[in-house]
Amino acid sequence: MKEYRGFPVSPGIARGPAFVFQGDDGFVAPSFALAEEDIEGEWSRLLVAVEKAKSDVSSLRSRALEEVGRDQANIFDAHLLMLDDPDFFDNIEARLRSSLRNIERVIVEIEGEFVDRLSNVPDPELRARVTDIRDVSRRILGHLLNTERRTLADLDEDVIVVARDLLPSDMMTMNRPRVRGIVTEAGGRTSHVAILARAFEIPAVLGIGESLEDLEDGTALVVDGSAGLVVADPDEQTLLRAEAARLRGEANARVLACLRDLPAETRDGLRVLVKSNIEVPDEADSVLPHGADGIGLFRSEFLFFRPGHIPGEEEQYQAYRRVLEALPGHPVTIRTLDIGGDKILPEFVAAGEKNPLLGWRAIRFCLTRTEIFMSQLRAILRASVHGDARIMFPMISTVEELDQALGLLEEARRECRSRGQDVSESLPIGIMIEVPSAALTSDLLASKCDFFSIGTNDLTQYTLAVDRGNERVAALHNPLHPSVLRLIDLTIRNGRAAGIPVGLCGEMAGDPASALLLLGMGLGEFSMSSPSVPAVKQLIRSVTTVEARAVADEVLGLGSAKAIGARLDGLLAGLLSERGGACSADQGPRPD
């Protein structure tokens, strides 16, 4: 038995034999010299192959649009853009003429240079573009050489697909009913494989590294897509644990079914809101089926992460409208563009900042690149008439920044009206509390906005001086550290004193043990990934506010994150074992 660990990108338990997929990794392009008079013929061959590749990609895009959704289809829009990119083909032609090597060899060399350049950048979004480049170039090469690309379409038994990496076209053409799980050496949480695995509801663990090289076809595997664990040749105890985890998953589905239409209300009648976080518009369709009260965080920057494409005002308007119309009568909070730091867009943000996480990012970027910010603000304002929209500014650290952002919002509103475009007259405006300066001056900020949302991922990072993307110190990133909890507590108290709602949208909100503490601290809104909603709603319906406050009073007196976490886990286990599933609409007699 051997264990492998990677990124947990698509939840669920899968068992089956390994199918080691080589894809095009073993491909070797021919290489030979050309004479000057051969160049035009080689170029003509390329143009024919490119047209065939465009036809392939267009078909894949149509299939994705029909079977999965627009955001997954957009992956292939990026491929079509590459196949029409004049700079890309100017580069190929220049290399063809200077090297006097055949066109296949030229494409392989240029692909390798792009892949090497992007594979070592720190930003995961840029690294994910490697698969787009490889997919497009190998498709062109396949047509140049008249070879059929290996696919997963012909799978005839249930398997766990194991690969160095998978291309979007591999995912779209595979025989999905036969793919029980996916394991790759490369990739991460925001890669295209991760996006499509979640869309297809296939358990997946990515980014395991080169250690997968020793796996052979047929090796028995257990994949835990929630824990990021893969076990080869599992023993009987591991198989039993996997089966128990699968049964827990089925039980959670039953909890979802019975909690979906019930409120997140404590046993003594306090109603709180449990909302979803989403990255792309198509995720809006899963919000209400999971029982959420709306969207507490729409990370709008993911609209900007398609390779080679910056969305304009109209495209953004349509995306925001799509989300709002998917949730009629439910609040949708759209966070304005948060790029920079560890979310680099080369089209906008210059590389080379010495401390990018402390640098030109989020609201700081938007207040200096006002043409981009204003385009987004106008798009949100126009979409706001189609539902219950809210707007939220990220990484506010001073009152002056908030004043500037509010001023630009009013300017955008005037521009929309001057065009004759309808906008909402009562659009709530909120801010993210994710740096210590904002938490410490939350009393001042509360007088200038309509709500707070605490972003514990960044608040923890900045409070503890821990780069959560740095594997050497990532273990120190813990939102249960007493310093972080004190800032959260201060923000909640200042928000309540000012009469504005306070929510929390970091990963902490989706953890039931942490949610128990936050409920006791007086938090009124929780926002998390949609699959986490049922467990948090169950927790809320299982306790009274008196019990939650007693938990908070006890653990806030402890001196370390480790002690706080252990105590919360123990208290949560005791409460849930005593109260059960809390699925009944009638929660029994309430305390006086």
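Note: Asn478 CG to Leu464 CG = 8.0 Å, rounded to the nearest 0.5 Å. Atom CD1 in Ile540 sits 10.0 Å away from atom CG in Leu516 (nearest 0.5 Å). Here the straight-line distance linking atom NE2 of His330 with atom CG of Asp388 works out to 10.0 Å at 0.5 Å rounding. Taken from CE in Met374 to SG in Cys366, the straight-line distance is 12.0 Å, to the nearest 0.5 Å. With rounding to the nearest 0.5 Å, the separation of CD1 in Ile363 from CD1 in Ile431 is 10.0 Å. For the atom pair CZ of Arg335 and CD1 of Ile380, the computed distance is 11.5 Å after rounding to the nearest 0.5 Å.
No donor-acceptor distance shorter than 3.5 angstrom exists from the side chain of Lys275 to the backbone of Ala292, with no hydrogens or angles considered. The backbone N or O of Thr460 lies less than 3.5 Å from no partner atom in the side chain of Thr463, so there is not a single donor-acceptor pair. Although no hydrogens or angles enter the test, the distance criterion places a donor-acceptor pair under 3.5 Å between the side chain of Thr368 and the main chain of Arg364. In this structure, the side chain of Ser384 engages the main chain of Ser424 through a donor-acceptor pair within 3.5 Å. Thr491 places a side-chain N or O within donor-acceptor distance of the main-chain N or O of Leu487, the cut-off being under 3.5 Å. With Asp338 contributing its side chain and Pro394 its backbone, the two residues share no donor-acceptor pair below 3.5 Å. With hydrogens and angles ignored, the 3.5 Å screen pairs a side-chain donor or acceptor of Asp450 with a backbone N or O of Ile429. Under a 3.5 Å cut-off, the side chain of Arg541 and the backbone N or O of Pro263 do form a donor-acceptor pair. Between the Glu313 side chain and the Ser375 main chain, no donor and acceptor come within less than 3.5 Å of each other.
In this structure the side chain of Ile564 never reaches within 4.5 angstrom of the side chain of Leu556, judged on heavy atoms. Residues Thr266 and Leu519 are in side-chain contact: their nearest non-hydrogen atoms beyond the backbone lie under 4.5 Å apart. The shortest side-chain heavy-atom distance between Phe526 and Leu273 does not fall under the 4.5 Å cut-off. Using a 4.5 Å heavy-atom cutoff, the side chains of Leu504 and Thr456 are in contact. Considering only heavy atoms from C-beta on, Arg321 stays 4.5 Å or farther from Leu324 through its side chain. Here the side chains of Val399 and Thr441 are not in contact, with every heavy-atom distance at 4.5 Å or above. The shortest side-chain heavy-atom distance between Leu490 and Asp443 does not fall under the 4.5 Å cut-off.
Of the candidates Thr333, Val332, Leu427, Ile334, Leu427 is the only one forming a side chain to side chain contact (heavy atoms under 4.5 Å, CB included) with Ile391. For the side-chain hydrogen bond (donor to acceptor under 3.5 Å, both in side chains) criterion with Tyr320, the lone passing option out of Arg382, Glu325, Gln376 is Gln376.
There is no side-chain donor-acceptor pair under 3.5 Å between Glu201 and Ser10. Side-chain atoms of Ser529 and Asn277 include no donor-acceptor pair closer than 3.5 Å. With no hydrogens or angles considered, no side-chain donor-acceptor pair links Thr544 and Asp268 at under 3.5 Å.
Residues forming a ring-ring contact (aromatic ring centres under 6.0 Å, His included) with His386 (at least two apart in sequence, or on another chain): Tyr317.
Around the CZ atom of Arg486, the shell of radius 6.0 Å holds no more than 12 heavy atoms that belong to other residues, nucleotides or ligands.
The side-chain hydrogen bond (donor to acceptor under 3.5 Å, both in side chains) contacts involving residues 551-566 comprise Glu554-Arg567, where partners must be two or more places apart or lie in separate chains.
Closest non-hydrogen pair, Leu459 versus Pro436, comes out as CD1-N, 3.9 Å.
Under a 4.0 Å N-O distance rule, the pair Arg378/Glu415 qualifies as a salt bridge.
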Extract all donor-acceptor atom pairs below 3.5 Å that involve side chains of residues 400-407 and protein atoms in other chains or at least two apart in sequence.
| residue | atom | partner | partner atom | Å |
| --- | --- | --- | --- | --- |
| Glu401 | OE1 | Ser397 | N | 2.7 |
| Glu401 | OE1 | Ser397 | OG | 2.9 |
| Glu401 | OE1 | Thr398 | N | 3.4 |
| Glu401 | OE2 | Ser397 | OG | 3.4 |
| Asp403 | OD1 | Lys448 | NZ | 3.2 |

